Peer 1: 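Sharing a structure below in structure tokens format, with a few things to ask.
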Amino acid sequence: KRVVVFISGGGSNMAALADACAAPDFPAEVIAVFSDKPAAGGLVKAAERGIATYTFERRAYAGKAEHEAAILVALDALSPDIICLAGYMRLLSADFIRAYEGRILNIHPSLLPLFPGLHTHQRALDAGMMVAGCTVHLVTEGMDEGPVLAQSVVPVLPGDTVDTLAARVLTVEHRSYALALRLFADGTVRIGADGRVERTGYA
Ligand code: GRF
């Protein structure tokens, strides 16, 4: 399966996916990395891995529609099977999502449906959570609410700060996303006609 990864920042999740795909038996390959930020550190990580990179700086386009249209032209030319959002900090329009319906994955740094949106670790700490974690889900038109493909849990430890918790979650994000991509690419986990996840195996 041909995968394009979307990033906006450091790209550690993208790197984890690319490194997992490098295994000979892995059922997917990262064919390109797209970023809306030309200075994204993940673009260096992609280039170091010999992966083609494309940047679409938002302010270079008149509006959101033009920005997405340019991305879709490049994307369609690559004919990807799967799109993985990995620290991509922009919401995709319903039209964009429809163009790749059921084939867009995202990783979110909380145990959805808890804490959709931003500042998830601060919110988990504020809520006194004893566990935290990440969710890999199918992207639907609503934010952070698509069918769940994989989740990983970490403990919240006494004295945790946002940074210590984020670092602990990021470690399991990398494992969770690579596993979810493998299972999604080889069809072990798929989305049924009713939009619910069907799985013949577990992440
Ligand atoms: C990760 O915490 C991810 O869950 C969130 O943004 C961060 C991206 O990290 N979406 P990276 O760019 O993959 O290193």
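All ligand and atom numbering here is 1-based and tracks the order in the structure. Bear in mind the structure is a predicted one, so any value in this text is a computation, not a measurement.
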Peer 1: Taking the inter-plane angle between the rings of Tyr61 and His67 on a 0 to 90° scale, is it parallel (under 30°), tilted (30 to 60°) or perpendicular (over 60°)?
Peer 2: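 Answer is tilted, since the angle falls between 30° and 60°.
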Peer 1: Considering non-hydrogen atoms only, spot the tightest contact between Pro38 and Glu57 and give its length.
Peer 2: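 Closest heavy-atom pair between Pro38 and Glu57: CG-OE1, 3.5 Å.
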Peer 1: Could you pull out the closest heavy-atom pair between Ala150 and Ser176, with the gap in Å?
Peer 2: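 In this case the closest contact between Ala150 and Ser176 is CB-OG, 3.9 Å.
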Peer 1: What pairs with Ser110 under side-chain contact (heavy atoms from CB on, under 4.5 Å), at least two apart in sequence or on another chain?
Peer 2: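 Result, side-chain contact (heavy atoms from CB on, under 4.5 Å) vs Ser110: His108, Leu112, Phe115, Thr120.
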Peer 1: Answer yes when Arg123 and Asp126 have at least one side-chain N-carboxylate O distance shorter than 4.0 Å, and no when they do not.
Peer 2: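 Judged by the 4.0 Å cut-off on N to carboxylate O distance, Arg123 and Asp126 do not form a salt bridge.
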Peer 1: Just to be sure I understand the cut-off, which residues have at least one non-hydrogen atom under 4.0 angstrom from an atom of ligand 1?
Peer 2: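 Ligand 1 is contacted, at a heavy-atom distance under 4.0 Å, by Gly10, Gly11, Ser12, Asn13, Gly87, Ile107, Pro109, Leu170, Glu173.
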Peer 1: Verify whether one side chain among Thr188 and Asp186 offers a donor that lies under 3.5 Å from an acceptor in the other.
Peer 2: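 Result is yes, a qualifying pair exists.
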